[in-house]
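Right, one structure below, let's go through it.
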Amino acid sequence: MSITPTTPTADALHAELQALAPQHIELINESMSHAGYFEGKESHFKLTIVSDAFDGKRLVGRHQLIYGLVTPLLTSQGGQVHALAIHAYTPTEWQGQSPASPLCAGQNK
């Protein structure tokens, strides 16, 4: 019998981000690459998202849109998400890119 891992935090992030009507969304749990990881931990994510909602917005404005949607899920608000690496593109900017994530203060496993 195979057990499917539960991903309540990733599922909640994905659900909130649907408000941006993304044409592409990739949400990767990178928690296992960071200090203090244990099986099932959902604290560090990498988000690549493409949406028309970003048209005419600078990088900071795009991040503000995203954070406005996911704030309740952040650890500062009692949630589980400690880090969210955001790569937000308009459809015309999107070329299939997804930059590598930075190291976690030298504590990557």
Side-chain angles (χ1 to χ4, degrees):
M1 180 169 117
S2 173
I3 297 174
T4 303
T6 60
T7 57
T9 302
D11 294 345
L13 281 167
H14 195 272
E16 292 299 330
L17 294 166
Q18 294 309 303
L20 298 174
Q23 285 122 355
H24 173 82
I25 187 168
E26 181 180 19
L27 185 64
I28 300 171
N29 182 354
E30 296 185 325
S31 302
M32 70 285 308
S33 298
H34 297 270
Y37 176 72
F38 54 85
E39 187 67 33
K41 186 172 186 181
E42 294 184 280
S43 61
H44 291 70
F45 289 91
K46 175 180 171 180
L47 170 66
T48 302
I49 186 168
V50 179
S51 174
D52 285 323
F54 303 136
D55 281 337
K57 294 195 177 354
R58 292 181 173 196
L59 185 60
V60 70
R62 296 172 189 195
H63 285 218
Q64 287 171 334
L65 272 177
I66 292 166
Y67 280 119
L69 295 169
V70 304
T71 293
L73 302 170
L74 303 177
T75 54
S76 63
Q77 301 300 311
Q80 300 299 316
V81 179
H82 171 72
L84 181 62
I86 300 171
H87 306 287
Y89 303 97
T90 66
T92 56
E93 295 168 338
W94 175 243
Q95 301 295 317
Q97 67 272 38
S98 187
S101 296
L103 296 177
C104 178
Q107 295 185 31
N108 290 57
K109 291 183 178 181

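It should be emphasised that the depicted structure is a prediction, and the values quoted were computed from it without experimental measurement.
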Do [X] and [Y] come close enough that some side-chain heavy atom pair is under 4.5 Å?
X     : Y     : value
Val70 : Val81 : no
Gln23 : Asp52 : yes
Leu17 : Leu47 : yes
His44 : Ser31 : yes

Is a donor on one side and an acceptor on the other found under 3.5 Å between the side chain of [X] and the backbone of [Y]?
X     : Y     : value
Thr90 : Glu93 : yes
Glu42 : Thr9  : yes
Gln77 : Leu74 : no
Lys46 : Pro99 : yes

Answer yes if [X] and [Y] sit in the same cluster of Ile, Leu, Val, Met, Phe, Trp and Tyr residues linked by side chain heavy atoms under 4.5 Å apart, and no otherwise.
X     : Y     : result
Leu65 : Val50 : no
Tyr89 : Ile49 : no
Leu27 : Tyr67 : yes

Minimum heavy-atom distance [X]-[Y], with the two atoms named:
X     : Y     : answer
Pro91 : Ser51 : CD-O, 3.6 Å
Leu73 : Glu16 : CD1-CG, 4.3 Å
Ala53 : Leu20 : CB-CD2, 3.9 Å

Quick one: pull up [atom1] in [X] and [atom2] in [Y] and give me the separation to the nearest 0.5 Å.
X     : Y     : atom1 : atom2 : value
Asp55 : Thr92 : CG    : OG1   : 6.5 Å
Ile25 : His14 : CD1   : NE2   : 4.5 Å
Phe54 : Leu59 : CZ    : CG    : 10.0 Å

Item to complete: Using a cut-off of 6.0 Å, state whether more than 12 heavy atoms not belonging to His82 lie near its atom NE2.
Response: no
